[in-house]
Amino acid sequence: MGSNAADYFHYIPSKSLAFMSMVTYSLLAVYLTTRMYTTKSASFLYILPVIAALQATGFLYRYFCVESTSIAKYIAMSLFLILPPNVLPLVNYMALGKFIRSSNVQTKHFFLNPTFVTWFFFVINILSFWIQKIYTAGETLSADDDLNVVYFLLDACLNSILFSCFMFITAYVYQNPKYALKAQNQSDDKGKLFFAIFSTAGLQFIRMVFLGCRYATGLDGPIASTEWAFYIFDTLPLMFSYVIYSILFIGDYLPKEDEPRYQYSQLSRFDHMEEEDIDTTKHVAVFNNVQSVNYSIGSES
């Protein structure tokens with residue numbers, strides 16, 4: 001038997017906003033799936049349409065919760081809206097890791113290892129999520145406010161360190177000319193790829209901070225009981241991330257999955273340098289429509 005939505009949300013959710021969000025995420029899921037299929041992009045990018053479809057399902061449950069809410073509907077809605085987006089940062093981690101691996105740059109720095117970049121940050125991101133769940137479990141937050149503050153500060157510190165470290169590694173790779181891929185028919189491909197990573201990571205960080213504040217103040221607190229805060233600091237950052245992922249499609253700037261890994265060709269000099277200024281060769285690894293550029297200095301034997 002249904003219950004009043006206010007008993008669960010502490011406000012009456014907007015049906016129109018829930019419906020528009022459902023339609024938007026559904027369209028994004030269809031568009032990204034089509035884009036993935038037609039471009040034969042890296043398979044990890046299927047994370048994007050899958051999460052969009054799950055978000056659309058969550059807003060569908062939210063729409064039905066307005067008129068008749070039950071514990072089953074509310075739990076299903078919460079699972080679809082809260083859990084899947086926590087996997088979304090994996091797209092940026094894997095994109096950066098694939099870019100580093102495809103650049104063929106040898107390094108002794110462990111933090112530039114593609115596997116480390118991909119999975120270390122994702123594991124810490126999931127750990128942060130479970131810290132949030134610890135201090136929200138059973139809505140016992142009001143039982144010990146001091147402990148609640150400790151959990152919140154721990155989560156905030158963990159997220160801040162995670163975000164700062166990822167931004168540092170991303171900035172290092174971006175400014176280092178040794179890390180370079182060149183996609184045919186794409187101008188400034190490295191700049192576009194890293195703009196997508198930087199901007200979406202920032203938007204996802206805003207959402208994580210909001211969730212931390214939401215849980216820290218309690219599920220019946222001033223943040224969780226305000227619908228506009230949910231849409232502005234949770235839904236909009238995710239939607240803007242998807243808009244960026246759709247316009248600056250990461251699959252256009254990374255090697256495709258169904259092509260031979262690479263083949264080498266040579267150019268006789270650096271870009272923007274005269275041949276008489278320095279004796280160089282430039283080795284270019286071609287990944288389908290993406291080139292990985294490595295430089296070696298000295299004359300060939």
Side-chain angles (χ1 to χ4, degrees), residues 44-45 47-48 51 82-103 105 107-136 148-181 190-217 223 229 232-245 248 250 253-254:
F44 76 88
L45 291 174
I47 294 173
L48 293 173
I51 292 179
I82 296 176
L83 291 180
N86 286 280
V87 183
L88 193 59
L90 183 60
V91 172
N92 286 339
Y93 304 153
M94 296 191 72
L96 182 60
K98 193 174 185 67
F99 181 87
I100 293 174
R101 181 180 293 107
S102 300
S103 295
V105 177
T107 179
K108 296 181 180 179
H109 300 302
F110 74 92
F111 59 84
L112 292 176
N113 183 291
T115 302
F116 175 85
V117 171
T118 300
W119 296 109
F120 172 78
F121 288 105
F122 180 63
V123 170
I124 299 299
N125 190 72
I126 296 300
L127 176 62
S128 171
F129 171 76
W130 283 109
I131 290 176
Q132 292 178 359
K133 299 308 293 181
I134 288 173
Y135 63 74
T136 57
N148 180 40
V149 171
V150 170
Y151 279 129
F152 171 69
L153 292 177
L154 176 61
D155 180 60
C157 290
L158 189 61
N159 273 303
S160 298
I161 294 173
L162 176 69
F163 178 74
S164 299
C165 290
F166 181 72
M167 287 292 102
F168 169 78
I169 295 174
T170 305
Y172 178 87
V173 173
Y174 174 67
Q175 61 81 35
N176 191 329
K178 292 181 180 179
Y179 294 94
L181 298 178
K190 183 177 181 181
K192 291 178 180 179
L193 172 63
F194 277 81
F195 176 82
I197 294 176
F198 279 124
S199 56
T200 54
L203 289 168
Q204 291 160 21
F205 178 70
I206 291 174
R207 177 183 178 271
M208 291 297 294
V209 172
F210 165 74
L211 288 179
C213 295
R214 176 179 181 267
Y215 292 143
T217 55
I223 297 178
I232 290 179
F233 296 109
D234 189 310
T235 305
L236 282 182
L238 286 176
M239 282 192 175
F240 285 145
S241 294
Y242 268 96
V243 170
I244 294 172
Y245 284 135
L248 301 176
I250 291 177
Y253 315 117
L254 293 174

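In what follows, residues are counted from 1 in the order of the sequence shown. If you're wondering where the values come from, they're calculated on a predicted model, not measured in any experiment.
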dist F116:CZ -> H109:NE2 (nearest 0.5 Å) comes out at 13.0 Å
How about F195: does its CZ atom have over 12 heavy atoms from other parts shown lying under 6.0 Å from it? no
With rounding to the nearest 0.5 Å, note down the distance linking OG in S199 to CD1 in I244. 3.5 Å
Tell me, which pairs form a salt bridge (Lys or Arg N to Asp or Glu O under 4.0 Å) where one or both residues lie in residues 195-205, sequence neighbours left out? none
Centroid separation Y253 to F99 less than 6.0 Å: no
Is there a donor-acceptor contact under 3.5 Å from the side chain of Y242 to the main chain of L48? yes
Any pair counted as side-chain hydrogen bond (donor to acceptor under 3.5 Å, both in side chains), so long as it reaches residues 200-211, sequence neighbours left out: N92-T200, T200-Y245, Q204-Y245, R207-D234
Identify, with sequence neighbours excluded, every residue that meets side-chain contact (heavy atoms from CB on, under 4.5 Å) alongside T118. L90, M94
Which distance, rounded to the nearest 0.5 Å, do you find between the CZ of F233 and the CZ of R214? 13.5 Å
Parallel, tilted or perpendicular, judged at 30° and 60°: which one describes the rings of F205 and F163? parallel
What is the distance from atom CE of M167 to atom CG of L162, rounded to the nearest 0.5 Å? 9.5 Å
Evaluate the ring planes of F122 and W119, with Trp represented by its six-membered ring, and classify them as parallel (under 30°), tilted (30 to 60°) or perpendicular (over 60°). perpendicular
